[in-house]
Amino acid sequence: MGKTINEWASDVYNLACEKGWHSDRDLPLAKDRLGSFFMNLHCEISEAWEAFRDGKLMGPCDKADAMIAAGLHPLNCLEEELADVVIRVFDMAKAFNIDIERAIEIKHAYNKTRSYRHGGKLA
Ligand SMILES: [Mg+2]
């Protein structure tokens with residue numbers, strides 16, 4: 001059996017700590033710290049958008065050669081940036097002690113109760 005979502009969140013967070021990204025992890029939920037998490041998450045979406053604008057969304061990501069050299073299957077830009085978004089969400093969830101698996105379950109269950117297109121929204 002694979003990892004649970006919360007196990008993934010812990011692994012992602014622990015790797016970020018190991019790689020030096022959370023030296024401020026003992027600080028309270030400071031506005032600046034929260035801002036960094038949100039901006040990094042936003043950057044991953046922007047990277048996907050820029051790849052689309054350049055016509056490279058389904059082309060090899062900029063780390064494809066390094067992935068191959070590491071013995072990994074190379075990702076296209078969309079795959080890489082979607083993975084980055086999920087990784088950033090998991091990291092942030094763990095950093096702020098959010099049970100992301102429970103949150104997803106509850107929000108998904110709530111979404112099932114919503115009306116078609118949430119009452120007529122266009123997008
Ligand atoms: Mg990225």
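Atoms within each ligand, like the ligands themselves, are counted from 1 in listed order. Just so you know, these numbers use all the heavy atoms, side chains as well, and skip hydrogens, waters and symmetry mates. This is a predicted model, so every value here is computed, not measured.
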For residues 65-79, which side-chain N or O atoms pair as donor and acceptor with protein atoms under 3.5 Å away, sequence neighbours left out?
| from | atom 1 | to | atom 2 | distance (Å) |
| --- | --- | --- | --- | --- |
| Asn76 | OD1 | Leu78 | N | 3.0 |
| Asn76 | OD1 | Glu79 | N | 2.8 |
| Glu79 | OE1 | Asn76 | N | 2.8 |

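- Electrostatic pairing of Glu105 and Arg102 does not count as a salt bridge here, judged by no charged N lying under 4.0 Å from a carboxylate O.
- Using a 4.5 Å cut-off on side-chain heavy atoms (C-beta onward), Asp84 and Glu81 make contact.
- Geometric assessment of Arg33 against the ring of Phe96 yields a positive cation-pi assignment under the 6.0 Å and 45° thresholds.
- Remark: side-chain polar atoms of Ser10 are not paired, donor with acceptor, to backbone N or O of Glu7 under 3.5 angstrom.
- With a cut-off of 2.8 Å, the protein N/O/S atoms near the Mg ion (ligand 1) add up to 4.
- With a 4.5 Å cut-off on side-chain heavy atoms, Ile5 and Phe90 count as touching.
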